[in-house]
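As structure tokens, the structure follows; a few thoughts come after it.
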Amino acid sequence: MGLIYTGAKCRDCYRCVRICNLKAIRMNSTGTKGKLHAQVIDELCVHCGQCILACPQLAKRPVSDLKQVQQLISEGTPVVAVVAASFISALPLKNPDLVPTLLQELGFAEVQETSIGAGMVTKKYLELGFNKPMLISYCPVIVNLIERHYPELIPMLAPVVSPMVAQGRVIKSINPYAKVVYIGPCAAKRDEAQLLGLHDTVDYFLGFNELWNWVQNKGIDVDNLSPSGFHNFSPCHNRIYPVEGGMIWTVADELREAGENFITMSGLDNCIEFIKHLSNHEIINPPKLMELWACKGGCINGPLSLCLEESLFMRQRKLLEYYNSSGECVFEIDEFKLPEIPLTRDFTNRKVTLPIPTEAEIKDILARTGKHTPAQEFNCGNCGYDSCRDKAVAVYQGKAEVEMCIPYMRKRAESMSNLVISAMPNAIVVVGKNLDILEINPAAEKLFQCSAPEVVGQRILALMPANNFLKVIQSGEMVNTTGTYRNWASLPGRLSSL
């Protein structure tokens with residue numbers, strides 16, 4: 001199972017398919033008794049988490065480590081919490097300094113924030129210098145995007161770990177027996193340590209949403225807690241990392257001195273567009289430092305955050321105000337004695353090449369939904385794909401089913417309904433709210449001695465009194481009654497235009 005899975009609540013609405021920039025979601029009916037069910041294709045997914053936010057049934061969930069963390073704490077194992085700096089705008093607390101107290105209430109032995117790791121990472125970037133264009137590599141979604149979809153750009157990725165990994169290594173080097181739990185807003189962080197073999201860093205992961213559910217389930221009265229400090233010192237300038245442009249800001253002086261240009265960009269759709277240009281060599285002289293964030297506005301907009309109903313501007317402002325209120329830093333990263341730890345990393349080409357259908361195969365799939373000419377391709381997007389051809393390719397690749405075409409299925413259902421009505425031995429007359437006849441089956445034609453073209457469009461009074469029909473329209477309730485119309489053939493206005 002991958003990092004994001006779909007629960008039983010899935011109602012095959014295709015919203016997750018529509019929202020996924022990389023179409024890394026498969027709709028199939030395997031094991032679901034013929035019902036379509038969404039499945040994340042892990043080898044294509046970059047774990048941006050947007051499908052989690054988009055699912056109206058709350059059926060998409062990331063894999064959770066909460067039970068393992070709670071078990072460790074209950075056994076008395078020393079567990080260190082490493083909190084992403086975006087906690088300031090991600091948790092519904094009146095004072096961000098309540099976070100260390102809150103986590104100690106839950107049983108964590110130590111509570112640290114990622115500022116030390118961020119400072120070490122910044123130093124590493126400065127050591128690398130600005131001799132060639134570099135893509136900043138601490139957003140795991142962007143790393144996944146390049147490794148899985150644009151591996152030709154791997155040489156541009158800066159070979160530097162993220163602040164989370166650096167912080168975890170500092171803790172493990174000081175106390176090898178400690179268990180480290182990273183708490184943050186990002187669904188992709190589990191990739192970074194567990195899937196890439198960096199097991200000397202972070203052991204478990206919790207989203208801010210999981211943390212808050214834990215607090216509520218334990219019944220902690222947050223309002224009666226007192227603020228406290230983190231167990232590690234916190235270089236103030238590194239607290240700005242979670243905001244778009246945060247890392248660039250920390251090296252801005254060096255960039256200006258070197259006379260180099262840079263770019264910062266957020267939002268997965270914007271980043272994909274930029275990366276496509278970069279991959280196609282359409283950008284001449286790329287910036288020497290390129291900071292890309294999958295989440296719009298940076299980590300403060302991560303999918304596992306709370307407070308997402310607040311505007312992005314207000315969440316940015318909250319973090320910047322906290323940063324400005326921190327006062328002058330007592331320590332700098334150079335002055336604080338830290339263990340020597342490796343800060344470099346490698347990247348892997350993880351691209352999966354999907355089969356591409358021929359034109360004849362695409363036409364065959366389109367024909368299965370009644371699309372024999374381009375004029376019959378509505379490109380309505382209800383299936384989650386931009387065009388009927390895109391959806392046909394997805395069907396060929398096993399990511400979609402023919403039945404996902406809503407106009408086709410509606411037409412098919414209407415056709416089936418017409419067949420059933422036509423075959424019924426009982427007389428059936430379908431009437432609209434205005435008492436006009438919409439449909440009449442052969443049995444009714446025989447009973448009333450008329451033909452459908454004669455009566456469709458006329459009022460029901462052309463065939464029988466309308467009293468019971470009016471009762472249904474006015475009350476909205478079903479009427480089950482039996483009536484005898486001995487003189488129906490002589491009813492005034494029968495078969496005339498009313």
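Positions are given from 1, in the same order as the sequence printed here. Being a predicted model, the structure only gives us computed values, none of them experimental.
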Could you give the distance from CH2 (W293) to CD1 (I300), rounded to the nearest 0.5 Å?
9.0 Å
Contact summary for T6 and H37, nearest pair of heavy atoms
O-NE2, 3.6 Å
If we ignore angles and hydrogens, is there a donor and acceptor under 3.5 Å between the side chains of H47 and D42?
yes
Looking only at atom types and distance, does a side-chain atom of T201 sit under 3.5 Å from a main-chain N or O of V165, one as donor and one as acceptor?
no
So, do C307 and S89 sit near enough that their side-chain heavy atoms are less than 4.5 Å apart?
no
Just verifying a value: how many Å separate I52 CD1 and K60 NZ, rounded to the nearest 0.5 Å?
9.5 Å
Residues, nucleotides or ligands: over 12 heavy atoms within 6.0 Å of K276 NZ
no
Backbone of T373 reached by a side-chain donor or acceptor of Q376 within 3.5 Å
yes
Quick one: closest heavy-atom pair of P62 and L304, and the distance?
CG-CD2, 4.1 Å
Mind listing the closest non-hydrogen atom pair of A59 and C55 along with its distance?
N-SG, 3.2 Å
From CZ (R317) to CE (M314), nearest 0.5 Å:
5.5 Å
Please tell me whether Q167 and T114 have a donor and an acceptor in their side chains that are separated by less than 3.5 angstrom.
no
CG of N285: more than 12 outside heavy atoms within 6.0 angstrom?
no
Taking G457's backbone N and O only, do any of them form a donor-acceptor pair with D436's side chain (distance below 3.5 Å, no angle check)?
no
Under a 3.5 Å distance rule, please check whether E445 uses its side chain to pair with a backbone N or O of A452 as donor and acceptor.
yes
Check whether S305 reaches the backbone of P185 with its side chain - one donor and one acceptor, N or O, closer than 3.5 Å.
no
Has K391 got a side-chain atom pairing as donor or acceptor with E401's backbone, closer than 3.5 angstrom?
yes
Any chance you could measure N441, atom CG, to K446, atom NZ, to the nearest 0.5 Å?
12.0 Å
Between Y385 and I25, the two heavy atoms sitting closest are OH-O, 4.2 Å
CZ-CD distance between R18 and Q50, expressed to the nearest 0.5 angstrom
15.0 Å
Around R11, counting heavy atoms of other residues, nucleotides and ligands shown, do more than 12 lie under 6.0 Å from its CZ?
yes
Does E147 come within less than 4.0 Å of R350, counting only side-chain N to carboxylate O?
yes
Over all heavy atoms of both residues, which pair between A84 and Y182 is shortest? Give the atoms and the distance, please.
CB-OH, 3.2 Å
Using atom types as modelled and distance alone, determine if a side-chain donor or acceptor of S137 lies under 3.5 Å from a backbone N or O of V160.
yes
N261 vs F130, side chain to side chain contact (heavy atoms under 4.5 Å, CB included): CA-CA, chis, key distance, verdict
CA-CA 10 Å; N261 57 347; F130 310 112; over 6 Å; no
Do you know which of E244, R315, K296 makes side chain to side chain donor-acceptor pair (under 3.5 Å) with N301?
R315
With a cut-off of 3.5 Å and sequence neighbours excluded, list every side-chain donor-acceptor pair involving residues 353-362.
from : atom 1 : to   : atom 2 : distance (Å)
T358 : OG1    : E361 : N      : 3.2
T358 : OG1    : E361 : OE1    : 3.2
E359 : OE1    : R389 : NH2    : 2.9
E359 : OE2    : R389 : NH1    : 3.0
E361 : OE1    : T358 : N      : 2.8

Between K23 and D390, does any side-chain N to carboxylate O distance fall below 4.0 Å?
no
For residues Y138 and E291, is any side-chain donor paired with an opposing acceptor at under 3.5 Å?
yes
With sequence neighbours left out, the residues meeting ring-ring contact (aromatic ring centres under 6.0 Å, His included) with F87 are F230
Supply the atom-to-atom distance F448 CZ to M464 CE, rounded to the nearest 0.5 angstrom.
3.0 Å
Measure from the side-chain N and O atoms of R15 to the backbone N and O of A54, and report whether any donor-acceptor pair falls under 3.5 Å.
yes
